[in-house]
Amino acid sequence: MSDWELSRTYGSSAGEVRWERLGEPAAPPVVLCHGTPFSSYVWRRIARELARDHQVYVWDMPGYGVSAQFEGQDVSLGAQGRVFAELLAHWGLAAPAVVAHDFGGAVALRAHLLHGAAYRRLALVDPVALAPWGSAFFRLVGEHHGVFEQLPPHLHRALVREYISSASSPGLAPAVLDRLVQPWEGQEGQPAFYRQIAQAGQRYTDEIQGRYGSIELPVAVFWGEDDAWIPVAKAHELAAAVPGAELVLIPGAGHLVQEDAPGRLGAGLARFLGAVEPAAR
């Protein structure tokens, strides 16, 4: 469990955020945003690879990973977008490159479109960005989160393990699955798992979906062709909605592309992040 640690803290408006910085301080900055129900741990291999040429920032969203979890916490996409804008200001990053997965995609898009966060480039990896979204399981839990919170711990653990496992196409290594499940266990983790689902809502992407055509920075959309959570058709739809967006499909990978095809994703991100800036658009 000690192979990935976030040693730094920031007191955000939604609770303490744990974060870390890798690479040389003088290198161009890139920020990695995770999704749900994951944490920055899913970026460990790609973060270390990118840190050869970039200053890489990773963070656990409030309510996730090793960041704060508490009753009454606002962990909605609305809060996460604000917190991300706060973090960029705290880090002193005027226009970093951003790589965002799943819910992190919505967080990065909201920070940019609603809170004025400027990016040099934006890579979206199987993001939650287009309506409709939310699986039948996700909707069921959201509507009855109070009941699910009362599950005996062993049943809750089995449910979370099965849910997270379904994000991978070839399957997750047991140690990786354990690490991804661990933050959602115990007296704080179990209610936190259902809290973040209960507070999820399509309205947070509905508020920004109509603005994707106004995005003027270089954008790449990466997508696992075997994504069972968000169909690959959404990749084509999103790439068409963002002017000039590049679309990269990754065969053999499910929703957790970072785990299923880290080499292909890492190489694609390195190429995109290191590309020569285009002329004024």
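Hydrogens, waters and symmetry mates play no part in the numbers below; they use all other heavy atoms, side chains included. Predicted, not measured: the structure shown is a model, and the values here were computed from it.
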Original post:
Can the ring centroids of Phe38 and Trp184 be said to lie less than 6.0 angstrom from one another?
Top reply: no
Original post:
Do the ring planes of Tyr163 and Phe193 sit parallel (below 30°), tilted (30 to 60°) or perpendicular (above 60°)?
Top reply: perpendicular
Subject >> SB check Asp126 Lys234 (cutoff 4.0 Å) >> reply: no
Original post:
Are the aromatic ring centres of His156 and Tyr194 under 6.0 angstrom apart?
Top reply: yes
**OP:** Can you run down the side-chain hydrogen bond (donor to acceptor under 3.5 Å, both in side chains) pairs that involve residues 107-118, sequence neighbours left out, and say none if there aren't any?
**Re:** Arg110-Glu207
Original post:
Is Arg45 atom CZ crowded by more than 12 heavy atoms from other residues, nucleotides or ligands, each under 6.0 Å away?
Top reply: yes
Subject >> Ring center gap for Trp59 and Phe84 short of 6.0 angstrom >> reply: yes
Original post:
So, for Ser169 and Asp226, which heavy atoms are closest and what is the spacing to 0.1 Å?
Top reply: OG-OD2, 3.4 Å
Subject >> Non-hydrogen atoms of Asp60 and Gly65 that approach each other most closely >> reply: OD2-CA, 3.3 Å
Original post:
Between Asp178 and Arg157, is there a salt bridge with N-O shorter than 4.0 Å?
Top reply: no
Original post:
In a check of side-chain contact (heavy atoms from CB on, under 4.5 Å) between Ser76 and each of Gln196, Gln199, Arg195, which one passes?
Top reply: Gln199
Subject >> Salt bridge flag under 4.0 Å for residues Arg271 and Glu246 >> reply: yes
Subject >> is_close_aromatic(Trp19, Trp91), centroid dist under 6.0 Å >> reply: yes
